[in-house]
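Heavy-atom basis, side chains included; hydrogens, waters and symmetry copies ignored.
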Amino acid sequence: MSALVVYATCAYALAVGAYAAWHSWRGYRFSNPLFYAIALLEVGLIAITVGSAMAYNGRDHEVDGILFFSYLATTLVIPPAAVFWGVVEKTRWGTGVVTIAMITVAALMLRLHGIWEGPARG
């Protein structure tokens with residue numbers, strides 16, 4: 001898993017989270033642009049999942065597959081759940097949940113990178 005892909009995904013997730021926070025702060029409901037931004041993130045996460053599965057098969061050193069792919073599956077589930085919650089909850093807290101979800105996606109991506117790289121070599 002490339003560090004560039006991980007950091008770009010984290011930056012995008014945090015940007016979407018900031019946009020959702022702006023929605024929440026202004027008291028706006030879940031909007032179509034916010035939905036499209038999260039959908040784009042989900043497409044990227046699906047691409048990362050496919051690429052990770054292909055790279056995992058050719059891996060030389062040990063990566064705990066169950067741990068890695070459970071984190072990856074969780075990362076895939078969070079954006080659709082956030083969209084659902086954001087649409088159902090008509091108050092500002094719906095977009096507040098989306099903000100927290102995007103921060104969580106960024107944190108999980110960093111953790112996935114740490115699992116992929118393995119213990120620090122010193």
Side-chain angles (χ1 to χ4, degrees):
M1 178 175 273
S2 167
L4 177 62
V5 171
V6 170
Y7 295 134
T9 305
C10 287
Y12 183 72
L14 292 174
V16 173
Y19 184 57
W22 181 77
H23 267 66
S24 185
W25 180 66
R26 299 287 295 173
Y28 296 155
R29 292 183 177 177
F30 196 88
S31 67
N32 283 342
L34 185 56
F35 171 79
Y36 297 136
I38 295 170
L40 183 61
L41 176 65
E42 184 70 11
V43 168
L45 292 174
I46 291 169
I48 289 170
T49 301
V50 170
S52 295
M54 291 178 2
Y56 181 78
N57 288 333
R59 193 81 174 155
D60 294 4
H61 61 284
E62 292 184 29
V63 172
D64 185 3
I66 294 173
L67 180 66
F68 181 77
F69 286 106
S70 65
Y71 268 88
L72 200 52
T74 303
T75 305
L76 281 174
V77 170
I78 290 174
V83 167
F84 177 75
W85 196 322
V87 169
V88 171
E89 178 64 44
K90 300 295 184 192
T91 66
R92 69 174 26 179
W93 302 114
T95 51
V97 168
V98 173
T99 301
I100 299 303
M102 295 302 104
I103 294 169
T104 304
V105 167
L108 286 174
M109 285 302 297
L110 292 173
R111 179 67 183 122
L112 278 166
H113 185 62
I115 294 168
W116 187 260
E117 291 298 316
R121 294 175 177 86

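In this structure, Ser2 and His113 approach most closely via the heavy-atom pair C-CE1, 4.3 Å. Listed here is the closest heavy atom pair of Val105 and Ala13: CG1-CB, 4.1 Å. Minimum heavy-atom separation, Val98 to Ala20: CG1-CB, 3.7 Å.
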Counting only pairs under 3.5 Å, give me each side-chain donor-acceptor contact of residues 67-88, with atom names and distances, residues two or more places apart or in other chains.
from  : atom 1 : to    : atom 2 : distance (Å)
Ser70 : OG     : Ile66 : O      : 3.0
Ser70 : OG     : Leu67 : O      : 2.8
Thr74 : OG1    : Ser70 : O      : 2.8
Thr75 : OG1    : Tyr71 : O      : 2.8

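Using a distance-only test at 3.5 Å, with no hydrogens or angles considered, no donor-acceptor pair links the side chain of Thr95 to the main chain of Arg29.
At a threshold of 4.5 Å between side-chain heavy atoms, the hydrophobic network of Ile, Leu, Val, Met, Phe, Trp and Tyr places Val43 and Ile46 in two separate groups. With hydrophobic clusters built from ILVMFWY side chains whose heavy atoms lie under 4.5 angstrom apart, Phe35 does not share a cluster with Ile100. Linking ILVMFWY residues whenever their side-chain heavy atoms come closer than 4.5 Å, directly or via other members, places Leu108 and Trp116 in the same cluster. Hydrophobic clustering (side-chain heavy atoms under 4.5 Å, transitive across Ile, Leu, Val, Met, Phe, Trp, Tyr) keeps Val97 apart from Trp93. In the hydrophobic cluster analysis, where Ile, Leu, Val, Met, Phe, Trp and Tyr join through side-chain heavy atoms closer than 4.5 angstrom, Leu45 is grouped together with Tyr56.
Under the side chain to side chain contact (heavy atoms under 4.5 Å, CB included) criterion, Leu40 pairs with Tyr12, not counting sequence neighbours. Scored by the side chain to side chain contact (heavy atoms under 4.5 Å, CB included) test, Trp22 finds Tyr19, Trp25, Arg26, Tyr28 as partners (sequence neighbours excluded).
Taking 4.5 Å as the limit, some side-chain heavy atom of Met102 sits within range of a side-chain heavy atom of Leu41. Using a 4.5 Å heavy-atom threshold, the side chains of Val6 and Leu112 count as separate.
Here Glu42 contributes atom CD and Thr49 contributes atom OG1; the two are 8.0 Å apart, rounded to the nearest 0.5 Å.
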